[in-house]
Protein chains: 2
Amino acid sequence: MELTNLYKCLCDVQRLRILNLLKEGPLCVCHLQEILGETQVKTSKQLQYMKKLGVVGARREGVWMVYSLPEPTHPVLLANLHCLQADTDGFGDLIGDLKKRSAILRRFAANPGECPPVVYQATDGCHG
Amino acid sequence: MELTNLYKCLCDVQRLRILNLLKEGPLCVCHLQEILGETQVKTSKQLQYMKKLGVVGARREGVWMVYSLPEPTHPVLLANLHCLQADTDGFGDLIGDLKKRSAILRRFAANPGECPPVVYQATDGCHG
DNA sequence: TTAATATATGCAATAAGAAGTATATGTAGA
DNA sequence: TCTACATATACTTCTTATTGCATATATTAA
């Protein structure tokens with residue numbers, strides 16, 4: 001993957017937030033949508049954009065499409081996502097997003113029918 | 001400066017090459033133009049773009065406009081520029097660019113009238 | 001098969017960026 | 001002043017993204 005593709009993804013706040021979330025584990029479109037507070041179409045299209053550039057991967061799990069960072073994730077992407085947490089200028093959302101993600105994952109633990117196993121099993125990156 | 005602005009600059013190969021060069025020290029438009037093998041207008045416009053986003057700074061020195069990374073340079077920008085040298089996928093230019101820069105700086109040492117003092121004095125990042 | 005849910009796609013409008021040509025501005029020196 | 005040089009800007013054309021709305025597809029369950 002070209003490194004510029006990676007930066008093309010990072011230069012949009014929406015996509016940046018998505019990548020920040022996927023860093024913690026895979027998520028479905030509907031849950032990203034819920035966390036970001038965005039429409040289905042917009043969220044889906046951002047994901048398509050990143051998928052086409054090879055920055056995120058997707059696999060179908062029943063009704064859901066589970067998006068995730070490819071393994072192994074490009075070290076430059078990881079490094080940048082790591083920096084983001086530290087840099088809080090205009091990105092107060094990022095921490096909040098992770099908290100929302102954790103809340104959603106806890107909800108899944110209660111009723112597992114709400115998402116595919118891959119997602120609710122990814123409780124490793126669970127903050128807050 | 002917003003971090004996304006930084007990524008907006010990095011997502012274009014031309015701009016990436018410029019930033020990679022400026023990391024080593026300030027340069028005038030004409031010299032960047034010479035190294036990149038691009039037209040004056042194109043080079044100038046890329047610099048304007050980055051200047052507007054606050055990623056590079058400029059100051060006039062006589063006939064020349066000297067572009068440079070602002071002090072202190074954003075740590076995320078520095079970190080990424082540092083990674084670039086390591087990652088050679090499709091960026092063979094980067095090392096070559098630095099060599100061309102060094103050659104130009106040596107040329108300046110011989111005839112100092114070719115650029116403002118700020119530029120030819122910046123021999124610190126001189127590779128090759 | 002039908003219905004419900006999750007997701008993707010096609011189309012249209014708009015905005016943002018890229019690139020070229022011509023020209024303007026600013027500075028220094030004669 | 002005029003000239004030469006370095007750089008910027010205006011204007012046009014073209015491509016790429018962004019967004020919204022409507023609709024299509026895919027999967028599951030009934």
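Note on naming: letters A, B, ... go to the chains in the order of the sequence lines (proteins, then strands), and numbering restarts at 1 for each one. Treat the numbers as computed from the prediction; the structure is a model and nothing was measured. Because only heavy atoms are used, hydrogens play no part in the values below, and waters and symmetry mates are left out as well, while side chains stay in.
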Practice prompt. Return each pair, listed once, that meets salt bridge (Lys or Arg N to Asp or Glu O under 4.0 Å) where at least one residue sits in residues 61-85 of chain B; pairs must be two or more places apart or across chains.
Written response: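 Output for this query lists Arg59(B)-Glu61(B).
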According to a strict under-4.0 Å criterion, is [X] in side-chain N/O contact with OP1 or OP2 of [N]?
X: Ser44(B); N: dT7(D); answer: no
X: Tyr67(A); N: dA8(C); answer: yes
X: Lys8(A); N: dA17(D); answer: yes

Can you tell me the distance, in whole Å, between the [atom1] atom of [X] and the [atom2] atom of [N]?
X: Asp12(A); N: dT16(D); atom1: CG; atom2: C1'; answer: 14 Å
X: Lys45(A); N: dA13(C); atom1: NZ; atom2: P; answer: 14 Å
X: Leu53(A); N: dT16(D); atom1: CG; atom2: C1'; answer: 12 Å
X: Tyr49(B); N: dT16(D); atom1: OH; atom2: C1'; answer: 12 Å
X: Met65(B); N: dT25(C); atom1: CE; atom2: P; answer: 16 Å
X: Trp64(B); N: dG29(C); atom1: CH2; atom2: C1'; answer: 12 Å
X: Lys51(B); N: dG17(C); atom1: NZ; atom2: C1'; answer: 19 Å
X: Met50(A); N: dA8(C); atom1: CE; atom2: P; answer: 12 Å

Applying side chain to side chain contact (heavy atoms under 4.5 Å, CB included), name anything that partners [X], two or more places apart in sequence or on another chain.
X: Ser68(A); value: Pro26(A)
X: Pro70(A); value: none
X: Val63(B); value: none

Practice prompt. Could you check which residues of residues 36-43 of chain A get a heavy atom under 4.0 Å from DNA chain C? Sort them by number, please.
Written response: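 Result for residues 36-43 of chain A: Gln40(A), Val41(A), sorted by number.
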Worksheet item: Which angle, to the nearest 10 degrees, lies between the helix axes at the two ends of the helix from dT1(C)-dA30(D) to dA30(C)-dT1(D), each defined by five pairs?
Response: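 Helix axis angle between the two ends: 10°.
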Worksheet entry | NZ on Lys45(A) to OG1 on Thr39(A), rounded to 0.5 Å |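 Reported value, rounded in 0.5 Å steps: 8.5 Å.
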Fill in: Sequence neighbours excluded - ring pair (Phe, Tyr, Trp, His ring centres under 6.0 Å) pairs with any residue from residues 34-63 of chain A
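Of all non-adjacent pairs touching residues 34-63 of chain A, none passes ring pair (Phe, Tyr, Trp, His ring centres under 6.0 Å).
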Worksheet entry | Residue Cys30(A), side-chain heavy atoms: nucleotide from dA8(C), dA6(C), dT7(D) that is nearest |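 Closest nucleotide among those given: dA6(C).
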Worksheet item: Among the nucleotides dT7(C), dA8(C), dT7(D), which one has an atom lying closest to any side-chain atom of Gln48(A)?
Response: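 Of all the options, the side chain of Gln48(A) is nearest to dA8(C).
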Worksheet entry | Which residues share a side chain to side chain donor-acceptor pair (under 3.5 Å) with Gln48(A), sequence neighbours left out |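 Side chain to side chain donor-acceptor pair (under 3.5 Å) check on Gln48(A) returns Tyr67(A).
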Item to complete: Please name all residues satisfying side chain to side chain donor-acceptor pair (under 3.5 Å) with Lys42(B), sequence neighbours left out, ordered by chain then number.
Response: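 Here the qualifying residues are Glu38(B).
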Worksheet entry | Pairwise 5' ranking along DNA chain D for Arg15(A) and His31(B), keeping only the more 5' one |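 Looking at the nearest nucleotide for each, His31(B) comes out on the 5' side.
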Item to complete: Go through the structure and list residues passing salt bridge (charged side-chain N to carboxylate O under 4.0 Å, His left out) with Arg60(A), not counting sequence neighbours.
Response: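 In terms of salt bridge (charged side-chain N to carboxylate O under 4.0 Å, His left out), with neighbours along the sequence ignored, Arg60(A) is linked to no residue.
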Short heteroatom pairs, N/O only, protein and nucleotides 24-30 of chain D, under 3.5 Å:
none

Worksheet item: Arg15(B) and Cys11(B): which non-hydrogen atoms are nearest, and at how many Å?
Response: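 Where Arg15(B) meets Cys11(B) most closely, the heavy atoms are NH2-SG, 4.1 Å.
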Got a list of side-chain donor-acceptor pairs under 3.5 Å for residues 28-37 of chain B, not counting sequence neighbours?
| residue | atom | partner | partner atom | Å |
| --- | --- | --- | --- | --- |
| His31(B) | NE2 | Glu114(B) | O | 3.4 |
| Glu34(B) | OE1 | Arg107(B) | NH2 | 3.2 |
| Glu34(B) | OE2 | Arg107(B) | NH1 | 2.8 |

Discussion item. Any heavy-atom pair between the side chains of Leu21(A) and Leu98(A) that's under 4.5 Å?
Written reply: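 In contact.
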